[in-house]
Every structure is written in C-alpha cells, then in structure tokens.
2 protein chains.
Amino acid sequence: MEEKTGAQVLISADPCFGACDLDVSLLSQVDLLFHFGHSQLEQTDLEKKVFFIETRSKADVGPAVTAALPLLPEKKIGILTTVQHVHQLDTVRRLLENAGKEVILSRGDNRIAYSGQVLGCNFSAARSCENSPDAKKCEAYLFIGSGRFHPIGIALSAQKKVVCADPFLSEAFELDFRKFLMQRSAVIGNSMEANLFGIIVSTKNGQCRKKLAKRLKQKAEEHGKKAVILQMDLVTPDQMLNFSVDAFVNTACPRLAVDDSGRYPVPVLTPQEFEIVLGERCWEDLVLDEILEGERE
Amino acid sequence: MEEKTGAQVLISADPCFGACDLDVSLLSQVDLLFHFGHSQLEQTDLEKKVFFIETRSKADVGPAVTAALPLLPEKKIGILTTVQHVHQLDTVRRLLENAGKEVILSRGDNRIAYSGQVLGCNFSAARSCENSPDAKKCEAYLFIGSGRFHPIGIALSAQKKVVCADPFLSEAFELDFRKFLMQRSAVIGNSMEANLFGIIVSTKNGQCRKKLAKRLKQKAEEHGKKAVILQMDLVTPDQMLNFSVDAFVNTACPRLAVDDSGRYPVPVLTPQEFEIVLGERCWEDLVLDEILEGERE
C-alpha cells in the first residue's frame with residue numbers, strides 16, 4: 001500500500017477479538033482503517049472510517065451437512081452459521097431441500113450483517129426464525145461451524161434441538177449441553193454466599209455496557225450486597241487477582257466467563273446468572289448472555 | 001468515597017506501569033482521577049484532572065547506606081533513588097556527610113518530580129549532577145533502591161561508578177553491568193542480518209513516540225532495510241508472534257526489551273541499539289534508552 005499509494009501505513013498490533021473490538025486509538029489517528037476477518041456490527045459514527053474486510057473459509061460444507069442429515073429426522077430446519085461460512089448457506093439450503101427438508105433462513109437484529117449469521121454474543125437470528133411467518137414450523141436447527149459455544153447459545157435462546165455440522169472436520173453431532181449447564185450451575189452455586197461483587201465493564205467499542213453495569217450495581221445494593229464497577233480494556237484472569245471481591249459479574253464479551261471458566265480466581269457470572277444468584281430469575285431461565293442491537297453505550 | 005461524597009466511583013482494572021500509563025479511557029469519562037503509586041510526569045492537558053497519590057516505602061535506608069560506605073572510598077557522591085524512597089534522601093545525605101563525604105543531589109528534567117529521582121526511562125538527574133557547578137567533582141553514585149535496571153541506566157548515562165544500597169535487603173553492592181552489556185551485544189549481533197524491522201509504538205500517554213518511530217523507519221529505508229510501524233497499547237511477547245519480522249525496534253517503555261529480553265521470538269532492539277545495527281552509532285556508545293522531557297508526541 002505504501003508503494004502503490006504513498007499513504008502512510010500504521011499496523012494495529014493490539015489483540016483483536018471481533019468487530020466489537022476496533023482499534024479505537026489507531027482509528028483516531030488515521031483517515032481509513034481496514035479491519036480484517038469480521039463483519040460490521042451496527043453502524044455508528046465510529047465505523048464510518050472503517051472498511052470491514054471479511055474473510056471466508058474455503059472448507060467445503062457438503063460432507064458435514066451430509067453427515068448431519070441422519071441426525072435430522074425433523075422436516076423444518078432453521079440454518080445458522082458464523083460469518084466465515086455464510087457464503088455457503090445456499091449450498092446448505094440446496095442439500096437440505098434435496099433431502100426433502102424445508103429450510104428457514106432468517107436474519108437477526110441490526111448487529112448482524114447476514115441472514116443466518118450468529119455471533120458469540122448474538123443469537124437473534126435463531127429467535128428471528130421463531131418469529132418468522134414459519135415460526136411454529138421450525139423444528140430443529142442446523143449450525144454450520146466449529147465448537148460448541150454458538151450452538152449452546154442457539155439451543156438456550158431458541159429452546160430447540162441443534163445439530164452441529166463442522167466443515168473443518170466434515171463431522172456432525174447433536175448438541176448436548178448438559179455439561180455446560182452443570183458447569184454454569186456450579187459457578188452460580190459458588191456465588192450464592194458472595195457479598196462483594198466486582199462488575200466488569202469493557203471499554204471496547206462493541207462490548208461497553210455501562211448502563212447495564214450500573215443497573216446491576218443497583219440491583220446488588222437493593223439485595224443488601226456490595227458492588228464495585230471495574231472498567232478495563234482486555235479482561236484476563238491475571239489482572240482479576242488484583243481485586244479481592246467474592247465474585248465477578250461480566251458485562252463485557254459474554255464468552256469471557258464461559259470459555260475461561262476455570263481460569264479465574266473466583267466465580268465469574270453473566271448478568272443473567274447474577275440475577276439467579278439474587279433470586280430475581282429462575283434457574284430454569286438460564287440463557288447465554290447476549291449483546292443486542294443498540295445495547296452498547 | 002461513594003458513602004461520604006455521593007460521587008460515583010469507577011475503578012480502573014487495566015494493568016498500569018507508571019504515570020506514563022494513565023487510564024486515558026477512564027479519564028475521558030470522569031471528573032477526577034486518582035492515580036496511585038507514581039509521581040506526576042511533566043504537566044500536559046491530560047494530567048489536569050489527575051491527582052497523583054504517591055506512596056512511600058517504610059523500609060529504613062540506614063542499614064543499606066551503612067553497608068554501602070565501605071564500597072565508597074570516593075569523596076564526592078551523587079545520590080539517586082526512585083520515588084518510593086525519595087523522602088529518605090535527607091537521611092542518606094546526613095549519613096554520608098557524617099562519614100565525611102560531600103553529597104551532590106540534583107534534579108533531572110521536567111519529567112522528574114523530585115531532586116535525586118530517576119525513572120526506569122529517565123536518568124536525567126544523574127546527568128544533571130554532572131552538569132551542576134560541582135560537576136567534575138562527582139566521583140561516584142549511590143543508588144537507593146532495589147534491582148539493577150536503574151543503576152545500569154545511571155552508570156551508562158553518567159559513565160561513573162555506581163554503588164547500590166537496597167533498603168529492602170539492607171545490603172549494598174557495586175554495580176557490575178558486564179552481563180547486561182553481553183546480553184544486549186548478543187541481541188544487537190543477532191539483528192545485524194535483519195532486513196525487515198517492526199517498529200513498536202505505544203499508545204500509552206507517556207510512552208508514545210510516534211515521531212521517533214517515523215524517523216527510525218526512514219533511517220531503516222535509507223540503509224536499504226524495510227520497516228513497518230506497529231502500534232499497540234500493552235506490549236507482550238505473545239502478541240509479537242503475529243508479526244513475521246526479523247527484529248523489533250521498541251520505542252515504547254525502554255524496560256520492555258531489556259527486562260523480558262529472552263521472552264521475545266526475535267530480537268527486540270532499543271532505538272540506540274538499532275542505530276548500532278545500522279552502523280550509525282559506535283558499539284561503545286551503547287546506553288539505555290530514555291524518554292526525556294517533551295519527547296512524547
């Protein structure tokens with residue numbers, strides 16, 4: 001770029017976890033920012049100077065979807081994926097329709113760029129299948145992608161069966177989230193006696209939920225508990241050691257508490273799990289935390 | 001504070017390495033920021049809302065200074081320390097004068113809050129002893145504090161003998177920096193064949209030397225080498241793995257390259273060491289990198 005355009009290039013070398021994590025500091029110094037690998041979140045002033053250069057996986061979804069078919073006796077299937085496979089959803093649809101299925105492909109809220117796309121913090125596309133004219137018909141979901149995090153979010157959010165087709169392994173399996181529920185229940189259980197809560201707020205552009213943090217602090221106080229608001233950029237287990245609270249409540253990236261569960265010195269709760277601890281939510285209503293359209297503040 | 005004043009309190013939970021590392025993001029949201037443990041750097045607009053709450057060590061300097069006396073046959077002694085012992089420099093002076101010494105206590109540039117104070121990135125107080133009316137008389141330095149980093153900076157910057165008195169261990173020793181020179185020479189040697197350099201720029205308020213980075217990039221190109229500017233907040237060995245350069249040049253905190261020398265995947269040079277690599281500086285003129293008054297940009 002320097003050779004062809006004469007423009008000065010500065011490279012962002014901070015870690016980056018999503019479109020929620022723009023290099024805001026660099027952005028303030030440059031005319032144009034190219035952000036690689038993530039699709040745009042909802043448009044704000046911040047994003048006006050940012051070009052999102054998405055990347056696509058070359059992995060063929062065919063074998064994984066074929067492997068998924070025997071696990072899907074249901075007729076009406078909602079299909080969901082992450083941005084790197086989103087260009088192959090037409091292929092997925094065709095394979096399912098060839099097998100006699102009806103396919104429901106629906107788009108989530110304004111944080112979501114494509115029909116059928118889910119984020120680690122946003123499963124609104126799954127719920128939007130439920131709310132579509134075909135609503136009552138959707139009997140199961142097929143998730144294209146790797147890992148269990150997204151499918152767990154879909155299953156808890158839509159309360160339906162989820163089959164996962166992994167294009168990298170060309171394998172499929174039906175999601176079983178009992179281990180997840182047990183793990184989160186243990187974290188909630190460990191927090192029932194906690195008196196002092198550290199409420200984590202991220203400064204990252206798409207993870208910053210200050211109003212939620214203030215509401216949670218107030219809730220804690222209404223229940224006779226104490227809470228302090230801890231603001232930070234990157235959230236790592238190490239830096240949590242500095243704070244002698246009984247438990248943390250995480251309003252930053254919803255994946256933090258769940259993915260790194262065992263690595264924190266004390267329990268790290270999601271806002272919904274904190275409500276369970278306070279007795280304001282039933283254990284049965286445990287869901288994954290989500291950051292929805294318009295929620296960043 | 002919340003109980004007594006009704007003010008809302010937000011706690012900064014990001015790691016913090018000095019007054020060079022204010023929580024700028026938090027600062028933009030609050031009316032007043034209390035920053036603990038560091039003395040103020042030079043005044044800028046940024047610092048107007050910041051109260052620096054310095055902290056003082058309770059360790060008694062007496063035994064360490066007494067242990068240092070036999071190592072100091074010289075008559076005129078410059079005394080230097082870090083901010084947590086700066087309140088005990090009068091005691092140090094008295095002990096030395098009682099032992100028949102002449103004491104030189106001098107203040108560095110405007111990044112330095114106290115006479116005799118040095119920072120890990122600023123040894124101007126040592127040079128200022130050399131430039132005082134007593135200049136030629138200062139024969140050796142007594143450094144009060146722990147570790148070898150500050151005394152190495154003093155020795156290389158002032159080209160004089162340094163005796164270290166550690167108040168925590170109540171011990172003293174004469175600084176020997178041969179190991180340091182060998183280590184840094186190895187890093188320089190390992191970079192002689194490098195063609196592509198990653199020039200690290202920190203966004204931290206007191207570590208940001210963009211103009212220096214641009215000058216170094218230009219220098220590299222004048223010598224037929226390639227260089228890219230990498231901008232980041234925290235500098236960690238892990239994130240350096242993302243960049244396949246032959247060597248890094250660090251314009252952020254000068255301690256980074258030196259303290260964590262073995263932990264980086266490729267050599268990390270200081271700007272002065274980079275000049276040696278390019279043939280613009282003699283090996284004999286190796287000094288510790290410093291960030292001086294007015295140098296942040």
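Remember, predicted model here, so these are calculated numbers, not experimental data. Numbered from 1 within each chain, the chains take letters A, B, ... in sequence-line order.
Separation of atoms CG (D23(A)) and OG1 (T203(B)) is listed at 7.5 Å; rounding is to 0.5 Å. A distance of 11.0 Å separates CG of N242(A) from CD1 of I11(B), quoted to the nearest 0.5 Å. From M232(B), atom CE reaches atom CG of L26(A) across 11.0 Å, with rounding to the nearest 0.5 Å. Distance CD/E2(A) to NZ/K226(B): 10.5 Å, rounded to 0.5 Å. Of the inter-residue distances, the one linking K204(A) atom NZ with S25(B) atom OG reads 10.5 Å to the nearest 0.5 angstrom. The distance from the CG atom of L10(A) to the CD1 atom of I199(B) is 11.0 Å, given to the nearest 0.5 Å.
Heavy atoms from other residues, nucleotides or ligands lying under 6.0 Å from CZ of R263(B) number 12 at most. Atom CZ of F168(B) is surrounded by more than 12 heavy atoms from other residues, nucleotides or ligands within 6.0 Å. Residue E193(A) qualifies as open at atom CD: its count of foreign heavy atoms under 6.0 Å is 12 or below. No more than 12 heavy atoms of other residues, nucleotides or ligands shown are found within 6.0 angstrom of CZ on R148(A). In F51(B), the CZ atom is not crowded: 12 or fewer heavy atoms of neighbouring residues, nucleotides or ligands sit closer than 6.0 Å.
For a residue to count as touching a neighbouring chain, one of its non-hydrogen atoms must lie under 4.5 Å from one of that chain's; by this rule Q239(A) touches chain B with the side chain only.
Interface summary for chain B: among Q29(A), M240(A), Q8(A), K214(A), the most heavy-atom pairs under 4.5 angstrom belong to Q29(A). Counting heavy-atom pairs under 4.5 Å between each of V235(A), I200(A), T236(A), I229(A) and chain B puts I229(A) at the top. For the set L230(A), D14(A), V9(A), the entry with the most heavy-atom pairs within less than 4.5 Å of chain B is D14(A).
F243(B) approaches S12(A) most closely through the heavy-atom pair CZ-O, 4.0 Å. Between D233(B) and D233(A) the shortest heavy-atom distance is OD2-OD2, 4.3 Å.
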